[in-house]
Amino acid sequence: MQEARPIISSITVDPRWRDCVQRLVISAGILNEDVERTVFNSFCAVSRDGFAEGSPSSLAFKDVELPLVNGQWLTRPSVLIRMMGLINIRKRMRILELGFGSGYLCAVMATAGAQVFGVEVLSSFAQSSRKQLDNLGHHGVVVRRGEGRKGWGEVGPFDAIVASYPVSDEGELPLDQLALQGVLVAPLVSDGATRLTIWKRSDDGIRRVTFEAIDFR
């Protein structure tokens, strides 16, 4: 894997963050080298410390959840890296994030070269995240307040949809807004466990594949 260089020139990569990302990307088991490189570079370029106000800055460089306002959490980077690997993130993808919260993952996906849309039910998050994304130069990320289960049909279909909150029923997900060969990834709660799960649309319909159990909040 090549050394990361900041994709956004205004961001300086802290060596602690770069080393953390490298370990996590290697552990994620991403088979496609181009996707692996894209995930590595984009996560390196966007540090978490600017998205979790009030959290100790040292924790932003570790694989832990960070508390946000309103009792929400910024998901641990290992889970987000795994999710990006499962959707095979790449340039020019159209991606919808459901429940974008702080805006951190929107920034990462935009840095990877994707066209990013986001919906967030909490208006306070939607407003503060828009401001932070603008401050970092992500003016092309389009976000609005809305319910995740409704998606954003007016601007779909999407090559990928990312649910950034646990779901207990796939009926809560806007699977109809996936493009052909599109993938939706979500933490699915079933039988007392939360597992990373993907739904992929093909000519034959939508197929669900369940992966490992994770800690997600």
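Only heavy atoms go into these numbers, but all of them, side chains included; no hydrogens, no water, no symmetry mates.
Pairing each heavy atom of Gly85 with each of Val35, the nearest pair is CA-CG1, 4.4 Å. Shortest non-hydrogen contact noted between Val116 and Ala110 is CG2-N, 3.6 Å. Of all non-hydrogen atoms in Asp63 and Arg76, the two that sit nearest each other are O-NH2, 3.1 Å. Across all their heavy atoms, Gly151 and Leu98 have their closest contact at CA-CD2, 4.1 Å. The shortest heavy-atom contact between Pro77 and Arg48 is CD-NH1, 3.3 Å.
In this structure, Asp215 has no salt bridge (charged side-chain N to carboxylate O under 4.0 Å, His left out) partners at least two apart in sequence or on a different chain. Asp34 pairs by the salt bridge (charged side-chain N to carboxylate O under 4.0 Å, His left out) definition with Arg37, not counting sequence neighbours. The salt bridge (charged side-chain N to carboxylate O under 4.0 Å, His left out) test applied to Glu212 returns Arg82, not counting sequence neighbours. Looking at residues two or more places apart in sequence or on another chain, you find no salt bridge (charged side-chain N to carboxylate O under 4.0 Å, His left out) involving Arg201. With sequence neighbours excluded, no residue satisfies side chain to side chain donor-acceptor pair (under 3.5 Å) with Ser27. For Ser164, the side chain to side chain donor-acceptor pair (under 3.5 Å) criterion is met by Glu97, not counting sequence neighbours. Annotation: side-chain contact (heavy atoms from CB on, under 4.5 Å) contacts of Gln115 (sequence neighbours excluded): Arg94, Phe117. Partners of Phe61 under the side-chain contact (heavy atoms from CB on, under 4.5 Å) rule, at least two apart in sequence or in another chain, are Asp14, Arg16, Trp17, Ser47, Asp49. Scanning for side chain to side chain donor-acceptor pair (under 3.5 Å) contacts around Gln132 gives an empty result, with sequence neighbours left out.
Remark: side-chain polar atoms of Ser42 are paired, donor with acceptor, to backbone N or O of Val39 under 3.5 angstrom. Looking at Arg207, its side chain never comes within 3.5 Å of a backbone N or O of Lys200 through a donor-acceptor pair.
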**OP:** Determine, stepwise, if the pair Phe51 / Val46 fulfils side chain to side chain contact (heavy atoms under 4.5 Å, CB included).
**Re:** CA-CA 10 Å; Phe51 290 87; Val46 185; 3.7 Å; yes

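Clustering of Ile, Leu, Val, Met, Phe, Trp and Tyr by side-chain heavy atoms under 4.5 Å joins Leu31 with none of the others.
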Kindly list each side-chain donor-acceptor pair under 3.5 angstrom involving residues 139-149, sequence neighbours excluded, with atom names and distances?
residue: His139; atom: ND1; partner: Asp134; partner atom: OD1; Å: 3.3
residue: Arg144; atom: NH1; partner: Glu154; partner atom: OE2; Å: 3.3
residue: Glu147; atom: OE1; partner: Arg149; partner atom: NE; Å: 2.9
residue: Glu147; atom: OE1; partner: Arg149; partner atom: NH2; Å: 3.1

Which atom pairs, donor and acceptor, lie under 3.5 Å between side-chain atoms of residues 180-199 and protein residues at least two apart or in another chain?
residue: Thr197; atom: OG1; partner: Arg195; partner atom: O; Å: 3.1
residue: Trp199; atom: NE1; partner: Glu170; partner atom: OE1; Å: 2.8

